[in-house]
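Contents: one structure, followed by commentary.
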Amino acid sequence: MKNSWNMIKGYLISAAVFGAVVGMFLNGVLSVSRRMDMEGEETLQNAIARACVQCYAIEGRYPPSVQYLEENYGIRIDRKRFYVFYEGFASNIMPDITVIPITEEE
């Protein structure tokens, strides 16, 4: 009887340790995923801004839209992951660029 109780106790401890290790692993994976999403947002916003400046340097005006940058300056936007708001006031004023990640709830 005592031997079987020790065996059951050993199994329970092993299962608890395994569950804790799996939980820590999943928490780490989710943390890295969130960090990559944040860096992706910043990278996209910087790429759009650089392409705008490049367009201004080459053409003498800022681009009229993000679509123009996609067609002529190689910008690629993952529209399943990000909303991009591009508001140009005039062709000689840097446009306002906002990148917002799309969340799972939407």
Side-chain angles (χ1 to χ4, degrees):
M1 182 77 172
K2 187 175 184 181
N3 222 4
S4 64
W5 172 248
N6 284 339
M7 207 161 112
I8 291 172
K9 192 165 80 170
Y11 287 142
L12 290 175
I13 290 172
S14 295
V17 169
F18 179 74
V21 168
V22 168
M24 290 185 333
F25 175 75
L26 291 175
N27 185 36
V29 168
L30 291 174
S31 175
V32 168
S33 176
R34 284 190 297 268
R35 191 173 325 123
M36 286 177 59
D37 284 344
M38 288 173 51
E39 288 176 5
E41 174 185 347
E42 184 178 337
T43 300
L44 178 59
Q45 186 153 354
N46 289 339
I48 293 171
R50 279 192 310 272
C52 285
V53 171
Q54 183 181 13
C55 178
Y56 188 79
I58 293 170
E59 300 180 21
R61 65 182 175 89
Y62 286 105
S65 67
V66 173
Q67 289 76 20
Y68 186 84
L69 291 174
E70 289 177 300
E71 293 167 4
N72 299 293
Y73 289 89
I75 294 294
R76 301 283 178 254
I77 300 171
D78 185 352
R79 300 205 185 271
K80 293 179 183 176
R81 290 183 57 208
F82 300 106
Y83 293 121
V84 176
F85 298 97
Y86 181 93
E87 187 176 341
F89 175 70
S91 65
N92 63 341
I93 297 175
M94 178 74 170
D96 183 36
I97 305 160
T98 306
V99 176
I100 300 174
I102 297 173
T103 60
E104 295 291 325
E105 295 87 40
E106 293 176 10

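Between Y62 and Y56, the ring-plane angle classifies as parallel under the 30° and 60° cut-offs.
What you find for A51 and Y73 is that their closest heavy atoms are CB-CB, 4.2 Å. Between G40 and F82, the shortest heavy-atom contact is C-CZ, 3.7 Å. The heavy-atom pair separating C52 from L69 by the smallest distance is SG-CD1, 3.8 Å. Residue E70 comes nearest to R79 through the heavy atom pair OE1-NH2, 2.8 Å, listed as atom of the first residue, atom of the second, then distance.
Cluster membership for V99 and M94, using ILVMFWY side-chain heavy atoms within less than 4.5 angstrom, is shared. Two different hydrophobic clusters hold I93 and F85 under the rule that ILVMFWY side chains link at heavy-atom gaps under 4.5 Å. Under the 4.5 Å side-chain contact rule for hydrophobic residues, V21 and Y11 do not share a cluster. Cluster membership for F89 and I48, using ILVMFWY side-chain heavy atoms within less than 4.5 angstrom, is not shared.
With rounding to the nearest 0.5 Å, the separation of CD1 in I102 from CD in E41 is 11.5 Å. Of the inter-residue distances, the one linking R50 atom CZ with I75 atom CD1 reads 7.5 Å to the nearest 0.5 angstrom. The CG atom of D96 lies 4.5 Å from the OG1 atom of T98; values are rounded to the nearest 0.5 Å. Atom CG of D78 is separated from atom CG of L44 by 9.0 Å, given to the nearest 0.5 angstrom.
Looking at Y86, its side chain does come within 3.5 Å of a backbone N or O of P63 through a donor-acceptor pair. Q45 places a side-chain N or O within 3.5 Å of a backbone atom of I97 that can act as its donor or acceptor partner.
Contacts of L12 classified as side chain to side chain contact (heavy atoms under 4.5 Å, CB included), with partners at least two apart in sequence or in another chain: I8.
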